[in-house]
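Below: one structure, written as structure tokens.
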Amino acid sequence: QVQLVESGGGLVQPGGSLRLSCAASGSSFSIYAMGWYRQTPGKQRELVAAIRNGGNTSYADSVKGRFTISRDNAKNTVYLQMNSLKPEDTAVYYCNVGAIATTNLSLNVYWGQGTQVTVSS
């Protein structure tokens with residue numbers, strides 16, 4: 001079982017920056033991918049950014065050039081640096097982790113509790 005703890009959300013003015021963090025803990029797992037999704041009321045949760053083993057990254061078109069995802073493997077932590085924030089970035093941001101259970105090699109996906117990001121003047 002993997003537990004995820006997110007931090008870093010809040011209120012920021014347009015053009016500002018925030019950094020989200022998500023730390024994974026638990027036992028008997030090996031992470032193969034980490035990412036961030038976001039969701040606004042009435043809309044589906046959408047992928048914002050992902051990073052896989054080996055460092056390959058992918059981004060939603062709407063955040064390319066503004067957001068950067070990174071990972072500290074030693075700490076099992078993923079970060080999302082968000083710059084040049086826009087009001088349309090306002091959402092609840094969820095950490096997402098794909099991991100393999102080393103006991104039975106099952107693939108599992110875990111979600112964080114969500115953190116609110118509000119971009120407003």
Side-chain angles (χ1 to χ4, degrees):
Q1 190 72 14
V2 174
Q3 293 79 43
L4 303 178
V5 177
E6 302 175 10
S7 60
L11 172 65
V12 64
Q13 292 187 341
S17 299
L18 282 175
R19 190 175 85 149
L20 305 182
S21 300
C22 174
S25 63
S27 60
S28 303
F29 69 94
S30 176
I31 293 173
Y32 60 85
M34 305 181 86
W36 292 93
Y37 286 70
R38 68 186 180 187
Q39 189 171 24
T40 55
K43 293 189 176 182
Q44 280 193 320
R45 195 171 294 186
E46 64 172 359
L47 176 66
V48 176
I51 184 166
R52 299 164 188 82
N53 286 350
N56 291 332
T57 59
S58 57
Y59 296 91
D61 287 342
S62 59
V63 307
K64 283 181 181 176
R66 300 188 298 121
F67 291 10
T68 302
I69 190 169
S70 61
R71 177 177 165 181
D72 185 332
N73 291 327
K75 296 180 179 180
N76 282 333
T77 299
V78 63
Y79 305 96
L80 185 67
Q81 178 66 44
M82 305 184 292
N83 299 328
S84 302
L85 282 160
K86 304 175 180 180
E88 50 264 42
D89 294 317
T90 296
V92 178
Y93 284 70
Y94 295 91
C95 176
N96 172 273
V97 169
I100 299 171
T102 56
T103 53
N104 60 10
L105 301 183
S106 62
L107 303 180
N108 299 285
V109 176
Y110 301 93
W111 292 93
Q113 78 278 10
T115 185
Q116 177 70 46
V117 171
T118 302
V119 185
S120 175
S121 55

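Numbering starts at 1 and runs along the sequence shown. Heavy atoms only: backbone and side chains are in, while hydrogens, waters and symmetry mates are out.
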Which value, rounded to the nearest 0.5 Å, describes the distance between Q113 atom CD and L4 atom CG? 8.5 Å

On a heavy-atom basis, which atom in S121 and which in P14 lie closest, and how many Å separate them? N-CD, 3.7 Å

Determine, stepwise, if the pair L11 / S120 fulfils side chain to side chain contact (heavy atoms under 4.5 Å, CB included). CA-CA 7 Å; L11 172 65; S120 175; 4.2 Å; yes

According to the ring-ring contact (aromatic ring centres under 6.0 Å, His included) rule, which pairs have a member within residues 95-121, sequence neighbours left out? Y37-W111

Regarding K86 and D89, does a basic nitrogen lie under 4.0 Å from an acidic carboxylate oxygen? no

Starting from the C-alpha separation in whole Å, work towards a yes-or-no answer on side chain to side chain contact (heavy atoms under 4.5 Å, CB included) for F29 and N76. CA-CA 11 Å; F29 69 94; N76 282 333; 3.8 Å; yes

Between E6 (side chain only) and G114 (backbone N and O only), is there a donor and an acceptor less than 3.5 Å apart? yes

By the salt bridge (Lys or Arg N to Asp or Glu O under 4.0 Å) test, which pairs, at least two apart or in different chains, include something from residues 106-121? none

Which heavy atom in A99 sits nearest to a heavy atom in V2, and how many Å separate them? CB-CG2, 4.5 Å

Please report the closest heavy-atom contact between A91 and Q116, naming both atoms and the distance. O-NE2, 3.4 Å

Does Y59 use its side chain to pair, donor to acceptor, with the backbone of I69 at less than 3.5 Å? yes

Would you give the length of the straight line joining atom CD1 of I100 to atom OG of S28, rounded to the nearest 0.5 angstrom? 13.0 Å

Interatomic distance, OH@Y79 vs CH2@W36, rounded to 0.5 Å, equals 10.5 Å

Considering all heavy atoms of both residues, which atom of A24 and which atom of I31 are nearest to each other, and what is their separation? CB-CD1, 4.0 Å

Student check: side-chain heavy atoms of L18 and V117 closer than 4.5 Å: yes

Grab the two heavy atoms, one from S84 and one from R66, that are nearest each other, plus how far apart they are. O-NH1, 2.9 Å

Between R38 and S62, which heavy-atom pair has the shortest distance, and what is it? NH2-OG, 3.3 Å

In Å, rounded to the nearest 0.5 Å, how long is the span from CZ of F67 to CG of L85? 5.0 Å

State, yes or no, whether a side-chain contact exists between K75 and S21 at a heavy-atom distance under 4.5 Å. no

Under the criterion side chain to side chain contact (heavy atoms under 4.5 Å, CB included), I'd like the reasoning laid out for V119 against M82: C-alpha separation, chi angles, the key distance, then a yes or no. CA-CA 11 Å; V119 185; M82 305 184 292; over 6 Å; no

Which value, rounded to the nearest 0.5 Å, describes the distance between M34 atom CE and D72 atom CG? 9.5 Å

Distance check, rounded to the nearest 0.5 Å: Q39 atom CD versus Q44 atom CD? 8.5 Å

Please determine which of V48, L47, V78, V109 meets the side-chain contact (heavy atoms from CB on, under 4.5 Å) test together with N96. V109

Assess whether side chain to side chain contact (heavy atoms under 4.5 Å, CB included) is satisfied between R71 and N53, documenting all intermediate values. CA-CA 10 Å; R71 177 177 165 181; N53 286 350; 3.0 Å; yes

